[in-house]
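Everything on this sheet refers to the single structure shown next.
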There are 2 protein chains.
Amino acid sequence: MNAEREQLKQARGEFVAQWGALGTQWGINRTMAQIHALLMTSPGPMTTDEVMEELEISRGNAHTNLKELVSWGLVRMVVRKGERRDYFEAEKEVWTIFTIVARERKRRELDPALLVLSHCADASEEMTSVEGKAFHDQVRQLQDFVAFASKMSDRIATMKHGLAVQLATKLLG
Amino acid sequence: MNAEREQLKQARGEFVAQWGALGTQWGINRTMAQIHALLMTSPGPMTTDEVMEELEISRGNAHTNLKELVSWGLVRMVVRKGERRDYFEAEKEVWTIFTIVARERKRRELDPALLVLSHCADASEEMTSVEGKAFHDQVRQLQDFVAFASKMSDRIATMKHGLAVQLATKLLG
DNA sequence: ATCTGGTTTCAATATTTACTGAAAATACAA
DNA sequence: TTGTATTTTCAGTAAATATTGAAACCAGAT
C-alpha cells in the first residue's frame, strides 16, 4: 500500500496549488495562500526550509509570507526543545480560521470605507442646494449600511461556533 | 452661495478618489471603483466623455470599466431620445448594490473554492493511512464550512431589504 | 456611397506587486 | 572570542495588472 502515499502527495499538491490560485481572488498573495494550504494539511509543524523546498520558493519569500501568516494569527511559531530553528503550524479549526479572516477583512475593507464615508458625510452635512443634499443623502446611506455591516461582522465573528451554527440552522431551515 | 458649489465639487472629488483607493483593497481596479463612485454621486446619467474628463483617463480605460460595471449590474446604460451617444447611470439603492456585490464575490471566491475542496475531498475519500485520513478530514471540514457560507450568502443576498433589516435588528439587539 | 459622431478593440507601455538571492544581523555553542 | 546555524532585510528583477492612444469598426444622416 504505497500507492496511497503517492495519491496523497498528489492530492495535497493539487490542493496547495489550487488554494494558491484562489488566494489571488481573495486579495491574498499566492505564496501566502499556498503556505497556508500546505501547513493546514501538514501532519506536523514545518520549518522554513521544508516550506521552501516543497513550494520551490526563495528563503526571502517563504520568510515574509510565514511572518505575514503569523501576524494574521493563522499560523503559530512553535519551538521544539533541543531544536534551534523555528517550526510553524497552522490553525486548523475552520471556525477559528473564519473569525480571523473576517476580522482582518473588516479591518482592511470596512473600517477604511467607514472613515471615508463619515468624512464625506460630515463635509456635506450643511449643504442646502439640491445637488448638495442629494450627495449628502447618498453618502449617508452608504455610511449607514457599511456601519451596519461592520457591526454584524463583529457580532458574528465573536460568536462561539456552536451559537453560530444554531443561528444559521434557524436561518437556513 | 457659490461657495457651496465649490465645496461640493471638493467633497465629491475626495469621495471619488478615496473610493478608488478602497477599490484596490476590495480587489476591484481603481478606475472601476472611481467611475462607480462618480456615477453613484452624479445628479444624472453621464457620457463616456464626461467620465473621461472628470477622472482624466483615456477613452479605452473609461470604456472598459464602464462595460465591466454594466456587466456586474452596478451601472445601467440609458438612451436619451434624440441623443446618439450612450449615457450611464449607477444603481443607488445600497441594499441592491450589496446584493450584487455579494453575488459576485460568492461567484469569484466561494464557488471556485468549493470546487477545489470537493475535488480534493473526493480524491482522498478512500484513504486508509493516518495521514490520508487526516488530510481528508481537514479538507472535508473546509468543504463543509465553505458550502455553508455559500448557502448563507445566497439566503441573505436574495432577501428583501426589509426582511434583512428585521433579522439584523434581532441579531444586534 | 460617404461622411460624421460615436463605440470597440488591442498592441504597446506604464505601474504595481511579488519574488529572488545574497548580504547583514542575530543567537547560541564551543 | 570565534565559529556556525538560522533569521531578517532589502536592492534588484521578474511577473502580473492596468492604462493609453490610435486604428478599426459601426450606425444613422446626407
Side-chain angles (χ1 to χ4, degrees), chain A residues 16-39 45-72 75-89 104 108-109, chain B residues 16-39 45-72 75-89 108-109 112:
Chain A
V16 169
Q18 299 267 50
W19 202 252
L22 281 174
T24 59
Q25 296 302 84
W26 283 65
I28 286 165
N29 91 36
R30 205 178 68 245
T31 305
M32 183 170 157
Q34 282 179 327
I35 297 179
H36 187 223
L38 192 66
L39 290 176
M46 293 177 74
T47 63
T48 304
D49 289 77
E50 284 166 348
V51 170
M52 284 168 63
E53 177 163 8
E54 194 73 43
L55 302 179
E56 303 184 42
I57 58 175
S58 73
R59 182 172 304 283
N61 196 11
H63 175 77
T64 308
N65 286 293
L66 278 166
K67 276 299 145 79
E68 188 69 4
L69 282 163
V70 169
S71 94
W72 277 49
V75 165
R76 288 178 281 282
M77 252 181 62
V78 298
V79 277
R80 284 188 169 175
K81 51 187 174 186
E83 281 267 19
R84 201 147 147 196
R85 62 207 161 151
D86 298 340
Y87 280 77
F88 297 92
E89 79 180 354
E104 183 68 16
R108 300 209 294 176
E109 300 180 359
Chain B
V16 168
Q18 300 266 51
W19 202 252
L22 281 174
T24 60
Q25 295 304 83
W26 283 65
I28 285 166
N29 92 34
R30 205 178 69 245
T31 306
M32 183 170 156
Q34 282 179 327
I35 296 178
H36 187 223
L38 192 66
L39 290 176
M46 294 177 74
T47 62
T48 304
D49 290 78
E50 283 166 348
V51 170
M52 283 167 64
E53 177 161 11
E54 194 73 43
L55 302 180
E56 305 184 41
I57 58 175
S58 74
R59 181 172 304 284
N61 197 9
H63 175 78
T64 308
N65 286 294
L66 279 166
K67 276 299 146 80
E68 187 69 5
L69 283 164
V70 169
S71 93
W72 278 49
V75 165
R76 288 178 281 281
M77 251 182 61
V78 297
V79 277
R80 284 189 168 174
K81 52 187 172 186
E83 281 268 19
R84 204 147 145 195
R85 63 208 160 150
D86 299 340
Y87 280 77
F88 297 91
E89 78 180 355
R108 300 209 294 176
E109 300 180 359

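Worth saying up front: this structure is predicted, and the values here are computed from it rather than measured. Letters A, B, ... are given to chains in the order of the sequence lines, protein chains preceding strands, and every chain is numbered from 1.
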| note | Rounded to the nearest 0.5 Å, the CZ atom of B:R76 sits from the CZ atom of B:F88 at a distance of 12.5 Å
| Is any side-chain heavy atom of B:W72 less than 4.5 Å from a side-chain heavy atom of B:L69? | no
I'd like a table of donor-acceptor pairs (distance under 3.5 Å, sequence neighbours excluded) in which one partner is a side-chain atom from residues 23-37 of chain A, with atom names and distances.
from: A:T24; atom 1: OG1; to: A:A21; atom 2: O; distance (Å): 2.5
from: A:W26; atom 1: NE1; to: B:E109; atom 2: O; distance (Å): 3.4
from: A:N29; atom 1: OD1; to: A:T31; atom 2: N; distance (Å): 3.0
from: A:N29; atom 1: OD1; to: A:M32; atom 2: N; distance (Å): 2.9
from: A:N29; atom 1: ND2; to: A:N65; atom 2: OD1; distance (Å): 3.2
from: A:T31; atom 1: OG1; to: A:N61; atom 2: ND2; distance (Å): 3.3

| field | Over all atoms of both residues, closest heavy-atom pair of A:L38 and A:L55 | value | CD2-CG, 4.1 Å
| task | Could you tell me the separation between the CE atom of A:M52 and the C1' atom of C:dA18, rounded to a whole number of Å? | result | 16 Å
| Just wondering, do B:T47 and B:M52 contact through their side chains at under 4.5 Å, heavy atoms? | no
| said: Generate the contact string for nucleotides 6-23 of chain D. Rules: B means base contact, S means sugar-phosphate contact only, - means no protein heavy atom under 4.0 Å. | reply: SBBB--------SSBB--
